[in-house]
Amino acid sequence: MSRYYAPFRGAASGDGGGCLPLPIIAAEAALAVVDAAIAATAFVQLARIHRHNQQHGWTRQKIFHFMIGLCNIVFLAYFVSTVIATCEKWVCWVHGCGFVLMASPQILLLASFLLLLSFWVDLCHQTNDEDEDDVRSHQEALLDRTKTKPGTRPTDARRKCFPGIQLGSRQKFVILVLVLSFIVMLAFAILIWVGRGENPIDSSLLKKVYLDVFSVVVLVLGAALACYGALLFSKMSKVRSETVSTEKWKVASLAAVSLICFSSSAILALVTNIPVLLYWYSTEAEIIKNAVILFLYYLIGSSVPSGFVLWVMRDMPQRPTVERPTQSRVVTLFRDRPSPTQDPQWRAAVTSSNKALKSSPI
């Protein structure tokens, strides 16, 4: 008869008893080390970026570093707590607290890439000059310092608490999704807690349903990032600029990594259900197999995308330039041929290039 370990139920009920098998402990320890390194890198880089340029407030680059660092810290807490809570047989951990700590960093990571997708959607739907100002305000909301329109005046409280942040409609939608995701997750946690007693609620089934729904959402997110990344790459390919060329390859690589990692982790979760359900094993080989699946799920689904985003955004932002007043001088120049700045085609190319650089997607 096969034995099993239930990370949320078995330890307290005596089904599996004891601590986790050694291969699973090794897998979670390795994941904890990886997440600790990513979180440390994210926050150290965030501090460097902030010291480098403090006038821009919360830029897009700072937001991503903060969210990546935060979700990896929670992942680290989850992996360490799993080992300790199983050996110590924490009742709260068994009946819902572990589920909350497992799902929270996944939601934060999902929100980070939804935010990236929202910026890409803004850029891809920038079609005419009529809504250029509105779209640009969305694009530069987390990229440049706050710019107020004539006749508008932000409140002092908002300026002090959230300097440099102006959110577009799609970014507000990401915040709404983040809040709703946490509400749904807490609702599942409450039902799992209620299911510990004698009632028709099956906690294992609830965790499987949550995992399946979340995996489908992650699968759709990876496909959406791939589609909009390809569309944005094609639009940026029309602009001839060395900087834009670098940015477009960052977009392409991010889209490819997102598609591969999110699709692989979602399919792995849908097929095995190991991340939230039981670790079934009857032999040492099955213990090692489950440990490998667990390690790959978190490594591919969270660590690799997080680390790649930090690598893409590793460049320091430019320092703000200080304009110095200059004395006006009248200089008369005689040219035998017209200046290149008078060429309409040249002006159009420069305008297009500058426009693309202002709305950098990374």
Undergrad: Taking the side chain as everything from C-beta on, heavy atoms only, tell me whether Trp120 gets closer than 4.5 Å to Arg170.
TA: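 A side-chain contact is absent here, since even the closest heavy-atom pair is not under 4.5 Å.
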Undergrad: Just so I know, are the side chains of His65 and Lys62 near enough to count as touching, which here means a heavy-atom distance under 4.5 Å?
TA: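 A side-chain contact is absent here, since even the closest heavy-atom pair is not under 4.5 Å.
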Undergrad: Give me the atom names and distance for the closest heavy-atom approach of Phe64 to Ser112.
TA: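 Smallest interatomic distance, heavy atoms only, reads CE2-O, 3.1 Å.
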Undergrad: Considering only residues two or more places apart or on different chains, which pairs with a residue in residues 236-263 satisfy ring pair (Phe, Tyr, Trp, His ring centres under 6.0 Å)?
TA: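 Applying ring pair (Phe, Tyr, Trp, His ring centres under 6.0 Å) to every pair that reaches into residues 236-263, excluding sequence neighbours, yields Phe113-Phe262, Phe233-Trp249.
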Undergrad: Closest heavy-atom contact between Phe43 and Leu70?
TA: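 Phe43 and Leu70 have their closest heavy atoms at CZ-N, 3.7 Å.
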Undergrad: What about Ile73 and Ile84, same hydrophobic cluster or not, with Ile/Leu/Val/Met/Phe/Trp/Tyr joined at side-chain heavy-atom distances under 4.5 Å?
TA: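 Ile73 clusters together with Ile84.
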Undergrad: With sequence neighbours excluded, what pairs up with Ser181 under the side chain to side chain donor-acceptor pair (under 3.5 Å) test?
TA: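 Per chain and number, Ser181 pairs via side chain to side chain donor-acceptor pair (under 3.5 Å) with no residue.
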Undergrad: Between the side chain of Gln61 and the main-chain N/O of Asp315, is any donor-acceptor distance below 3.5 Å?
TA: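 Indeed, once roles are kept as given, a pair shorter than 3.5 Å links the two residues.
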Undergrad: In chain order, what residues pass the side chain to side chain contact (heavy atoms under 4.5 Å, CB included) check against Ser264, with sequence neighbours excluded?
TA: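 With neighbours one apart ignored, the set is Ile260, Ile300.
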Undergrad: Measure the CG-CD1 distance between Leu186 and Ile192 for me, rounded to the nearest 0.5 Å.
TA: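 If we round to the nearest 0.5 Å, Leu186:CG and Ile192:CD1 are 11.0 Å apart.
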Undergrad: Between Leu115 and Ser118, is the side chain to side chain contact (heavy atoms under 4.5 Å, CB included) condition met? List the steps.
TA: CA-CA 5 Å; Leu115 183 63; Ser118 70; 3.8 Å; yes
Undergrad: Output, in order, the C-alpha distance, side-chain angles, deciding distance and verdict of side chain to side chain contact (heavy atoms under 4.5 Å, CB included) for Val251 and Met236.
TA: CA-CA 10 Å; Val251 170; Met236 297 179 72; 4.2 Å; yes
Undergrad: Work out which heavy atom in Ala32 is nearest to a heavy atom in Phe79; give both atom names and the distance.
TA: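 Minimum heavy-atom separation between Ala32 and Phe79: N-CD1, 4.0 Å.
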Undergrad: Regarding Asp122 and Gln171, do their side chains bring together a donor and an acceptor under 3.5 Å, going by distance alone?
TA: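 Gln171 and Asp122 do have a side-chain donor-acceptor pair below 3.5 Å.
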Undergrad: So, do Phe75 and Gln106 sit near enough that their side-chain heavy atoms are less than 4.5 Å apart?
TA: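 The answer is yes, as the side chains (C-beta and beyond) meet within the 4.5 Å cut-off.
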Undergrad: Are Leu299 and Trp311 linked, directly or through intermediate hydrophobic residues, by side-chain heavy-atom contacts shorter than 4.5 Å (ILVMFWY only)?
TA: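 Both belong to a single hydrophobic cluster.
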Undergrad: Which value, rounded to the nearest 0.5 Å, describes the distance between Leu219 atom CG and Ile267 atom CD1?
TA: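 Separation between the atoms: 6.0 Å.
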Undergrad: Can you name the ring-ring contact (aromatic ring centres under 6.0 Å, His included) partners of Phe214, sequence neighbours left out?
TA: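 Not a single residue meets the ring-ring contact (aromatic ring centres under 6.0 Å, His included) criterion with Phe214.
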Undergrad: Let me confirm one number: the CG-CE distance from Leu211 to Met102, rounded to the nearest 0.5 Å.
TA: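 Between atom CG of Leu211 and atom CE of Met102 there are 7.0 Å.
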Undergrad: Starting at CG of Leu46, measure out to CE of Met313 and round the result to the nearest 0.5 Å.
TA: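 If we round to the nearest 0.5 Å, Leu46:CG and Met313:CE are 12.5 Å apart.
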Undergrad: Just so I know, are the side chains of Leu20 and Glu28 near enough to count as touching, which here means a heavy-atom distance under 4.5 Å?
TA: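 Result yes, sub-4.5 Å side-chain heavy-atom pair found.
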Undergrad: Could you check whether any side-chain N or O of Ser306 sits under 3.5 Å from a backbone N or O of Ser303, counting only pairs where one atom can act as donor and the other as acceptor?
TA: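 Here the side-chain-to-backbone pair does not exist.
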Undergrad: If you measure from CG on Leu270 to OG on Ser265, what distance do you get to the nearest 0.5 Å?
TA: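 That separation rounds to 9.5 Å.
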Undergrad: Hydrophobic clustering (ILVMFWY, side-chain heavy atoms < 4.5 Å, transitive) - are Val100 and Leu205 grouped together?
TA: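 As far as the 4.5 Å side-chain criterion goes, Val100 and Leu205 are connected within one cluster.
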Undergrad: Given side chains that start at C-beta, do those of Ser204 and Lys208 come closer than 4.5 Å, heavy atoms only?
TA: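 Ser204 does not reach Lys208 side chain to side chain.
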Undergrad: Out of curiosity, does Val220 fall in the hydrophobic cluster containing Leu268 (side-chain heavy atoms, cut-off under 4.5 Å, transitive links)?
TA: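 The answer is no; the residues belong to distinct hydrophobic clusters.
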Undergrad: Going from CG on Leu109 to CG on Asn72, what distance comes out if it is rounded to the nearest 0.5 angstrom?
TA: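 Rounded to the nearest 0.5 Å, the CG-CG separation comes out at 7.5 Å.
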Undergrad: Determine the minimum heavy-atom distance between Gly307 and Ile38, stating which atoms define it.
TA: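 Looking at all heavy atoms of both residues, the shortest contact is N-CD1, 4.3 Å.
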Undergrad: Once side chain to side chain donor-acceptor pair (under 3.5 Å) is applied, do any residues pair with Arg48, and if so which ones, sequence neighbours excluded?
TA: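 Applying side chain to side chain donor-acceptor pair (under 3.5 Å) to Arg48 gives Gln45.
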Undergrad: Do Val33 and Ile25 share a hydrophobic cluster, counting only Ile, Leu, Val, Met, Phe, Trp and Tyr and linking them when any side-chain heavy atoms are less than 4.5 Å apart?
TA: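 No, it is not one cluster - the side chains of Val33 and Ile25 are not joined through contacts under 4.5 Å.
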Undergrad: Check whether any side-chain heavy atom of Leu225 sits under 4.5 Å from a side-chain heavy atom of Leu254, and report yes or no.
TA: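 The answer is no; the side chains never approach within 4.5 Å.
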Undergrad: So which pairs with a foot in residues 181-194 pass salt bridge (Lys or Arg N to Asp or Glu O under 4.0 Å), sequence neighbours left out?
TA: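 Those involving residues 181-194 do not exist here.
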Undergrad: Of Tyr78, Trp193, Tyr210, which meets ring pair (Phe, Tyr, Trp, His ring centres under 6.0 Å) against Phe99?
TA: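 Output: one option passes, namely Tyr210.
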Undergrad: What closest approach, in Å, do Leu259 and Gly222 show between heavy atoms, and which atom pair accounts for it?
TA: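 Smallest heavy-atom distance, with atoms named: CD1-O, 3.8 Å.
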Undergrad: Does Val292 have any side chain to side chain contact (heavy atoms under 4.5 Å, CB included) partners at least two apart in sequence or in another chain, and if so, which?
TA: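 Residues passing side chain to side chain contact (heavy atoms under 4.5 Å, CB included) with Val292: Ile288, Leu296.
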Undergrad: Identify, with sequence neighbours excluded, every residue that meets side chain to side chain donor-acceptor pair (under 3.5 Å) alongside Asp212.
TA: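 Side chain to side chain donor-acceptor pair (under 3.5 Å) check on Asp212 returns nothing, list empty.
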Undergrad: Partners of Phe66 by ring-ring contact (aromatic ring centres under 6.0 Å, His included), sequence neighbours excluded?
TA: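 ring-ring contact (aromatic ring centres under 6.0 Å, His included) check on Phe66 returns Trp58.
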Undergrad: If you compare all heavy atoms of Leu101 against all heavy atoms of Ser81, which two are closest, and at what distance to 0.1 Å?
TA: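 Distance-wise, the nearest heavy atoms are CD2-OG, 4.0 Å.
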Undergrad: Checking Leu178 now: which residues fulfil side chain to side chain contact (heavy atoms under 4.5 Å, CB included) with it, not counting sequence neighbours?
TA: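 Leu178 satisfies side chain to side chain contact (heavy atoms under 4.5 Å, CB included) with Ile107, Leu108, Ala111, Phe182 only.
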Undergrad: Can you list everything that forms a side chain to side chain contact (heavy atoms under 4.5 Å, CB included) with Ala224? Sequence neighbours excluded, please.
TA: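 Listed in chain order: Leu117.
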